[in-house]
Amino acid sequence: MTVMEQRGAYRPSPPPAWQPRTDPAPLLPDAEPYRVLGTDTAAKADPELLRRLYAQVVRGRRYNTQATALTKQGRLAVYPSSTGQEACEVAAALALEERDWLFPSYRDTLAVVARGVDPVETLTLLRGDWHNGYDPHTHHVAPLSTPLATQLPHAVGLAHAARLKGDDVVALAMVGDGGTSEGDFHEALNFAAVWQAPVVFLVQNNGFAISVPLAKQTAAPSLAHKAVGYGMPGRLVDGNDAVAVHEVLADAVRRARAGGGPTLVEAVTYRMEAHTNADDATRYREDDEVEAWRRHDPLQLLERELTARGLLDEAAIDAVRQDAEAMAADLRERMNQDPRLDPMDLFDHVYAEPTAQLREQRALLGTELAAEQDDQEGDPR
Amino acid sequence: MTVMEQRGAYRPSPPPAWQPRTDPAPLLPDAEPYRVLGTDTAAKADPELLRRLYAQVVRGRRYNTQATALTKQGRLAVYPSSTGQEACEVAAALALEERDWLFPSYRDTLAVVARGVDPVETLTLLRGDWHNGYDPHTHHVAPLSTPLATQLPHAVGLAHAARLKGDDVVALAMVGDGGTSEGDFHEALNFAAVWQAPVVFLVQNNGFAISVPLAKQTAAPSLAHKAVGYGMPGRLVDGNDAVAVHEVLADAVRRARAGGGPTLVEAVTYRMEAHTNADDATRYREDDEVEAWRRHDPLQLLERELTARGLLDEAAIDAVRQDAEAMAADLRERMNQDPRLDPMDLFDHVYAEPTAQLREQRALLGTELAAEQDDQEGDPR
Amino acid sequence: MTTVAVKPATMAQALTRAMRDAMAADPAVHVMGEDVGTLGGVFRVTDGLAAEFGEDRCTDTPLAEAGILGAAVGMAMYGLRPVVEMQFDAFAYPAFEQLISHVSRMRNRTRGRMPLPITVRVPYGGGIGGVEHHSDSSEAYYMATPGLHVVTPATVADAYGLLRQAIASDDPVVFLEPKRLYWSKDAWNADHPTEVEPIGRAVVRRPGTSATLITYGPSLPVCMEAAEAARAEGWDLEVVDLRSLVPFDDETVCASVRRTGRAVVVHESTGFGGPGGEIAARITERCFHHLEAPVLRVAGFDLPYPPPMLERHHLPGVDRVLDAVARLQWEAEN
Amino acid sequence: MTTVAVKPATMAQALTRAMRDAMAADPAVHVMGEDVGTLGGVFRVTDGLAAEFGEDRCTDTPLAEAGILGAAVGMAMYGLRPVVEMQFDAFAYPAFEQLISHVSRMRNRTRGRMPLPITVRVPYGGGIGGVEHHSDSSEAYYMATPGLHVVTPATVADAYGLLRQAIASDDPVVFLEPKRLYWSKDAWNADHPTEVEPIGRAVVRRPGTSATLITYGPSLPVCMEAAEAARAEGWDLEVVDLRSLVPFDDETVCASVRRTGRAVVVHESTGFGGPGGEIAARITERCFHHLEAPVLRVAGFDLPYPPPMLERHHLPGVDRVLDAVARLQWEAEN
Ligand SMILES: Cc1ncc(C[n+]2csc(CCOP(=O)(O)OP(=O)(O)O)c2C)c(N)n1
Ligand SMILES: Cc1ncc(C[n+]2csc(CCOP(=O)(O)OP(=O)(O)O)c2C)c(N)n1
Ligand SMILES: [Mg+2]
Ligand SMILES: [Mg+2]
């Protein structure tokens with residue numbers, strides 16, 4: 001049979017391996033960020049949840065201003081404020097059960113504190129007496145990650161391990177819009193989807209990576225659209241709407257816990273302050289953009305809703321503020337004490353057992369410190 | 001004004017920064033791989049193009065079998081065959097103008113040869129006399145890249161540079177399905193989209209990364225769906241249909257050249273041979289899958305179309321085969337000669353000027369080689 | 001007491017057995033990497049593990065080294081003991097960030113609260129005719145990174161023993177497997193594996209009196225052969241196998257050098273900035289007045305690993321070792 | 001002839017000026033990185049370049065270091081001369097693969113046909129109160145990678161001169177900028193910049209006779225201060241500034257050590273596996289019979305860089321340098 005004769009028999013067929021693994025349609029985010037506050041559905045929001053979110057957002061903002069003040073007093077090496085993003089921070093913490101794990105990025109101190117970690121221990125990294133101040137196991141919070149996006153694969157691995165062990169634990173990992181450009185973001189999302197790991201990725205798109213605006217970071221319709229490329233659902237939410245963020249995250253957590261796999265959530269928000277206290281935001285953005293966002297303030301959005309529904313009166317507002325003030329006062333007071341510093345700690349945790357060379361170096365520093373001490377004591381001044 | 005009084009004035013509005021940058025709809029790939037051969041549109045295909053594609057595919061297949069034979073004779077260290085994928089290889093080369101650049105991955109020797117690079121120089125890497133055998137500038141072909149996906153950012157940078165210089169040069173970068181999992185894939189596509197660089201990314205989804213099937217590599221509806229997450233169009237094409245691949249790539253190249261930015265093309269194909277001559281594919285896949293793909297052979301698809309349209313008779317087939325045989329004979333003959341080897345070359349290209357220590361080491365090796373020579377000459381055997 | 005027939009085993013087989021036994025002994029041990037499951041690894045070192053323990057315990061991951069190691073970090077945080085395979089030395093580089101910024105530092109960062117018992121297996125070195133990127137010796141990078149143990153076996157018994165120790169260690173271990181010794185054989189009984197010295201201890205593989213050859217991994221056989229050949233020249237060479245670069249066993253090394261008064265460090269990695277500099281410097285600091293000659297180094301040249309047809313000129317061989325021994329200022333002694 | 005007023009300039013200003021002048025002289029020079037454009041870099045080292053040359057010449061890239069360096073490779077392939085800024089030392093690690101497997105090897109891979117004239121600027125080292133990952137000294141990794149030049153200025157004049165040379169070099173240069181010297185000042189005239197020695201040449205910054213301090217980058221001022229302080233102890237120390245670790249200037253270093261007979265290598269990077277081992281080993285190999293004492297090393301401890309409140313204990317300071325000098329076996333001399 002020649003090739004010509006064969007032709008009649010030939011039926012074009014899709015290449016054998018071809019079968020779409022998932023229907024892409026349900027993975028795509030909505031065209032507009034999901035919102036609750038200020039819309040008709042707000043009325044359905046649970047009053048108790050609204051109150052909790054509100055109290056935490058107020059505390060969160062106060063935490064930010066207090067920490068920023070501490071940088072001015074030299075009590076913190078640096079502080080990246082999340083003012084304007086408190087709704088995301090708080091909703092992330094509140095969407096999780098105690099057994100779940102949070103993987104924060106360096107800006108997410110509020111989420112860490114809202115999860116129950118001691119506010120002072122949370123600041124250890126930024127005060128500079130040690131790298132990480134809290135025990136990650138106590139509240140199931142990974143260390144604040146400075147190298148961007150690198151904590152995302154950790155979240156995937158932990159969630160996967162929990163699932164392998166039969167625990168219904170979910171991991172929620174936080175990253176910024178800038179962080180989505182890193183290769184680790186891609187690899188983490190892909191692993192999560194392939195493994196159907198119970199992870200929720202929360203991207204806080206606050207418009208900037210230090211000075212670089214989103215338009216120089218991505219050309220995607222939205223960051224949530226990246227989800228379809230991994231085969232997971234992408235959700236777009238108004239990041240200043242604490243109720244909406246909470247709902248979307250809680251849904252995703254529920255889905256993950258039930259074995260439904262990972263979700264990518266993009267929360268559209270804005271960084272109201274400079275990148276850190278050391279940054280000068282006027283070099284790269286206009287005041288009127290900041291002002292526009294000030295009119296969409298996450299705290300105000302909540303306060304309006306609560307008051308409109310009669311869930312909050314001036315007295316309740318005062319009580320919440322006082323609680324926040326008390327937290328700030330406690331923070332101030334404890335941060336104004338010098339941290340306990342022992343240089344010898346440097347050698348203790350490099351390995352389970354210090355190597356011989358570390359023991360030598362420890363001894364050297366010991367001798368130096370003893371000599372310093374002697375000098376000071378011998379010093380007549 | 002209390003917060004309660006403010007409420008009436010509040011109009012829910014999208015967060016100020018929110019505006020989708022691109023309409024996602026046109027970026028999404030079709031549900032089924034695009035095909036021409038065996039469909040009604042095949043009749044419209046340019047006869048000249050069909051003939052060129054056919055001749056190159058035949059040559060390509062012959063190149064693969066010849067190179068594999070050379071591994072058995074110890075003339076090549078290793079060879080990763082692209083049999084089954086010749087349509088992609090050939091279409092990639094033919095879709096480009098001379099001034100354009102090709103960025104091949106380690107399996108893409110056929111594309112390199114189809115672009116005009118000397119077949120023996122193309123094999124230098126795999127023969128092992130040097131890392132790269134051809135001058136990348138002569139045919140605008142980057143070295144075959146062994147570390148997967150790492151050549152993709154190079155393609156983006158080159159395309160961007162060309163555009164900055166005002167040259168209407170396009171870069172086409174090739175990668176496998178496995179390679180799409182690497183962070184460099186993500187970073188390259190993102191840079192390309194943000195810069196609107198004239199790059200075309202061709203993913204050959206041949207079903208496997210060595211032994212790992214696509215289902216363990218990704219959960220995406222298709223690899224082409226990744227495009228939307230970068231804000232570029234994704235195109236899905238039957239990778240065994242040379243005409244379809246060529247059309248899709250040529251379109252993407254045209255678009256890129258005109259300033260329309262990058263495109264991601266997924267070509268669905270199959271690796272008919274083992275990963276390399278050193279691999280044993282029976283360890284991880286079933287024969288009937290291979291057989292199913294054999295019925296969707298890229299060479300047969302072309303041959304059927306050409307013969308059906310009377311563009312190819314037995315004589316023409318013979319002529320093409322003879323041309324391929326001649327190429328193979330030449331390859332065999334030249335590869336059977338020992339390559340010129342000069343160990344002293346090792347020191348010449350580490351830096352523009354060898355450092356003092358390299359000069360010392362060069363002298364050391366010189367002395368050793370001279371002694372070896374003396375030994376051999378003095379050796380009575 | 002039973003007498004056991006001791007048959008020769010390859011280093012690759014001993015490594016496989018080490019993982020198998022570790023997995024059987026501890027359900028927390030998980031093997032993961034590219035092609036480690038169904039295929040059993042490109043060097044077949046994980047052969048049979050997926051079949052015996054299932055794909056959840058021996059997992060083919062997506063092709064992304066940073067993702068693999070990063071996921072292993074998270075798994076270790078949750079109490080597992082991941083054993084990660086990097087397919088080749090140069091393909092571990094994409095995971096560098098995870099290794100340096102997280103794996104090596106997590107214990108220290110958290111004051112010991114979050115140790116990471118991860119073993120990163122890296123087939124390394126040349127001599128197998130591999131093309132570009134398949135023959136790197138990357139130990140200098142790992143050595144310079146505090147918080148990592150860097151271990152490399154040179155014998156079949158050590159391959160098993162050290163890998164078991166590495167997997168059992170609560171610290172991260174970069175476990176460097178000399179590719180060209182994968183098929184080296186030795187009498188070794190898988191059911192009664194020889195006990196080996198702990199990680200951190202160097203071992204004198206051949207006692208000698210004239211000078212000390214200090215080496216590890218792929219260069220041990222070269223040094224043993226050189227020591228044999230040196231007898232013809234009247235030199236009785238001691239050979240020290242470091243077994244781990246971190247921790248470094250100053251004691252054993254310096255005891256030998258103090259005895260012999262002369263030393264040559266031999267490794268395949270490039271010389272400049274390679275492990276030999278550190279080793280020579282440490283010895284000199286500690287044994288200066290015992291040295292009859294400077295500690296010399298025989299190493300790969302300072303260039304990207306050569307193409308396979310030229311690699312024999314690059315790799316330190318017996319002759320180059322003997323030439324270095326000859327330069328140890330023997331005249332000065334008399 | 002005009003007399004020019006020589007005002008003090010900071011190292012950061014000299015670096016900025018070097019890029020500016022290179023960009024003005026050669027349209028192929030492109031600066032790229034995170035925040036280098038509008039913001040002028042987190043250390044303001046690229047301040048004004050985007051304004052003067054446009055965003056196409058000084059470009060804010062997406063946040064992805066491998067992507068940045070990988071794109072730079074492609075740009076260099078097409079004839080540009082990219083100057084890449086890595087925001088901090090530890091954030092260069094994600095680009096490690098591109099640096100090792102491509103940047104350092106492309107010339108060699110292509111037999112010289114495809115050189116990559118890329119300058120990778122990396123602010124490095126500690127002493128600025130930075131939190132975790134902001135104070136790494138990563139030079140050992142780069143030194144161990146053949147194909148890269150590794151350059152680091154310690155003076156304002158060198159900052160300008162070496163960066164101009166690096167950008168003009170047809171080979172890739174890892175240009176390490178000592179963070180804590182960014183604000184160090186020196187008399188220096190931007191319009192008539194001092195000529196400096198070429199890359200690859202070490203410079204004696206202070207002549208002396210008793211012993212040689214060998215150092216570079218952030219530790220040069222420490223050594224200069226130590227040398228001053230040593231006068232009180234009766235030691236006249238010579239200070240050698242290496243300026244580039246690759247190429248390494250054996251000649252200048254060994255000439256000094258042969259003269260003084262004693263040497264201490266001083267750097268901030270961890271000691272074990274750090275640059276000091278290579279340097280000490282090379283000196284010993286070449287100057288053994290001139291040495292009155294082993295070459296000693298003063299380096300950072302072998303641990304992840306400490307948190308800011310403890311960094312002063314880690315960083316080699318004047319006292320630690322003087323203690324090392326005191327251990328150079330002075331008694332033995334008499
Ligand atoms: C791998 C890595 N590269 C660079 C940096 C330096 N850096 C710190 S924060 C930042 C911007 C982060 O932007 P984004 O991810 O949007 O988070 P945001 O600051 O807005 O919360 C950069 C570049 C880093 N921390 N890690
Ligand atoms: C960074 C990197 N990791 C691992 C490898 C080893 N390796 C070579 S080919 C291959 C599989 C590649 O699969 P795919 O990308 O689908 O390309 P294909 O072989 O199918 O053409 C692997 C894992 C490599 N070359 N580079
Ligand atoms: Mg941001
Ligand atoms: Mg494939």
Side-chain angles (χ1 to χ4, degrees), chain A residues 101 103 124-125 130-138 140 142-143 145-147 149-165 167 169 171 173 182-184 186-195 197 199 345-358 360, chain C residues 27-28 30 32 54 56-57 59-80 82 94-95 97-98 100-118 146-149 169-172 200 244 246-251 282:
Chain A
W101 274 78
F103 285 79
T124 299
L125 170 76
W130 198 258
H131 306 297
N132 183 74
Y134 49 89
D135 182 342
H137 293 287
T138 316
H140 301 148
S145 180
T146 301
T150 57
Q151 75 280 18
L152 306 181
H154 305 171
V156 177
L158 184 135
H160 180 59
R163 196 144 150 273
L164 289 176
K165 286 196 174 183
D167 300 344
V169 162
E182 290 281 3
D184 278 22
H186 174 71
E187 300 189 11
L189 268 78
N190 189 45
F191 272 67
V194 169
W195 287 349
V199 201
D345 289 357
L346 286 175
F347 304 94
D348 290 352
H349 306 295
V350 184
Y351 299 100
E353 290 291 324
T355 58
Q357 80 221 34
L358 281 170
E360 278 174 24
Chain C
H30 283 245
M32 56 200 284
D56 280 349
R57 296 283 304 282
T59 310
D60 281 333
T61 63
L63 209 170
E65 293 78 9
I68 297 169
L69 190 55
V73 169
M75 290 164 71
M77 283 176 164
Y78 204 77
L80 300 186
E97 208 281 335
Q98 285 290 341
I100 307 308
S101 291
H102 290 297
V103 174
S104 78
R105 301 185 189 188
M106 193 63 81
R107 170 189 286 280
N108 188 60
R109 172 182 298 145
T110 60
R111 285 190 192 270
R113 287 152 174 161
M114 200 166 239
L116 293 182
I118 300 176
L148 301 176
H149 287 298
S169 167
D170 284 338
D171 284 319
S244 70
V246 183
F248 189 86
D249 184 355
D250 286 311
E251 222 179 293
R282 302 183 76 71

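In what follows, chains are A, B, ... by sequence order, proteins preceding strands, each numbered from 1.
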Closest heavy-atom pair, A/D345 versus A/W130, reported as atoms and distance to 0.1 Å, is O-CH2, 3.7 Å
Cut-off 4.5 Å, heavy atoms of chain C, and the answer for A/A352 is both
Of all heavy-atom pairs linking C/V246 and C/L148, the shortest is CG1-O, 3.3 Å
Between C/N108 and A/V350, the two heavy atoms sitting closest are OD1-N, 3.9 Å
Of A/Y351, A/W195, A/F103, the largest count of non-hydrogen pairs under 4.5 angstrom with chain C goes to A/Y351
When the 4.5 angstrom heavy-atom criterion is applied to C/E65 and chain A, the contacting part is backbone
If one checks every heavy atom of A/T146 against chain C at 4.5 Å, the contacting part turns out to be neither
So, the part of C/L63 with a heavy atom under 4.5 Å from chain A: the answer is neither
Honestly, the part of A/E182 sitting under 4.5 Å from a heavy atom of chain C is neither
Among C/M106, C/M32, C/R111, the residue with the most heavy-atom pairs under 4.5 Å to chain A is C/R111
Looking only at heavy atoms, the pair that brings C/P117 and C/L80 closest together is CG-O, 3.9 Å
Can you find a heavy atom in the side chain of C/D250 that is under 4.5 Å from one in the side chain of C/F248? yes
Of the listed C/S169, C/A71, C/P115, the one with the largest count of heavy-atom pairs under 4.5 Å with chain A is C/A71
Bottom line for A/Y134: the part with an atom under 4.5 Å from chain C's heavy atoms is backbone
Closest non-hydrogen contact found for C/D171 with A/E353 is OD2-N, 4.5 Å
When the 4.5 angstrom heavy-atom criterion is applied to A/A155 and chain C, the contacting part is neither
Most heavy-atom pairs under 4.5 Å with chain C, out of A/H131, A/H154, A/E187, belong to A/H154
Max heavy-atom pairs within cutoff under 4.5 Å with chain A, candidates C/H149, C/M114, C/R107, C/M75, goes to C/R107
So, the part of C/R282 with a heavy atom under 4.5 Å from chain A: the answer is side chain
Checked C/H102, C/M77, C/H30 vs chain A; the most non-hydrogen pairs under 4.5 Å come from C/H102
Most contact-rich option vs chain C, by heavy-atom pairs under 4.5 angstrom, among A/D167, A/L346, A/L152, A/V156, is A/D167
Max heavy-atom pairs within cutoff under 4.5 Å with chain C, candidates A/A188, A/A162, A/G183, goes to A/A162
Chain A shares the most heavy-atom pairs under 4.5 Å, among C/P94, C/A66, C/P247, with C/A66
Point to revise | Side-chain H-bond candidate by donor/acceptor type, A/D184 with C/Q98, under 3.5 Å | key: yes
Look only at the side chain of C/S104 and the backbone of C/G147, and say whether a donor-acceptor pair between them is shorter than 3.5 Å. no
Checked A/V169, A/T150, A/T124, A/T355 vs chain C; the most non-hydrogen pairs under 4.5 Å come from A/T150
All heavy atoms of A/P143 vs all of C/R109, minimum pair found to be CB-CD, 3.8 Å
Aromatic contact, A/W101 with A/H137 (centres under 6.0 Å) = yes
If we only count heavy atoms from C-beta on, is the A/P354 to A/F347 side-chain gap below 4.5 Å?
-> no
query = With a 4.5 Å limit on heavy-atom distance, are the side chains of C/T110 and A/D135 in contact?
reply = no
Greatest number of non-hydrogen atom pairs under 4.5 angstrom with chain C, of A/P147, A/S145, A/A159, falls to A/P147
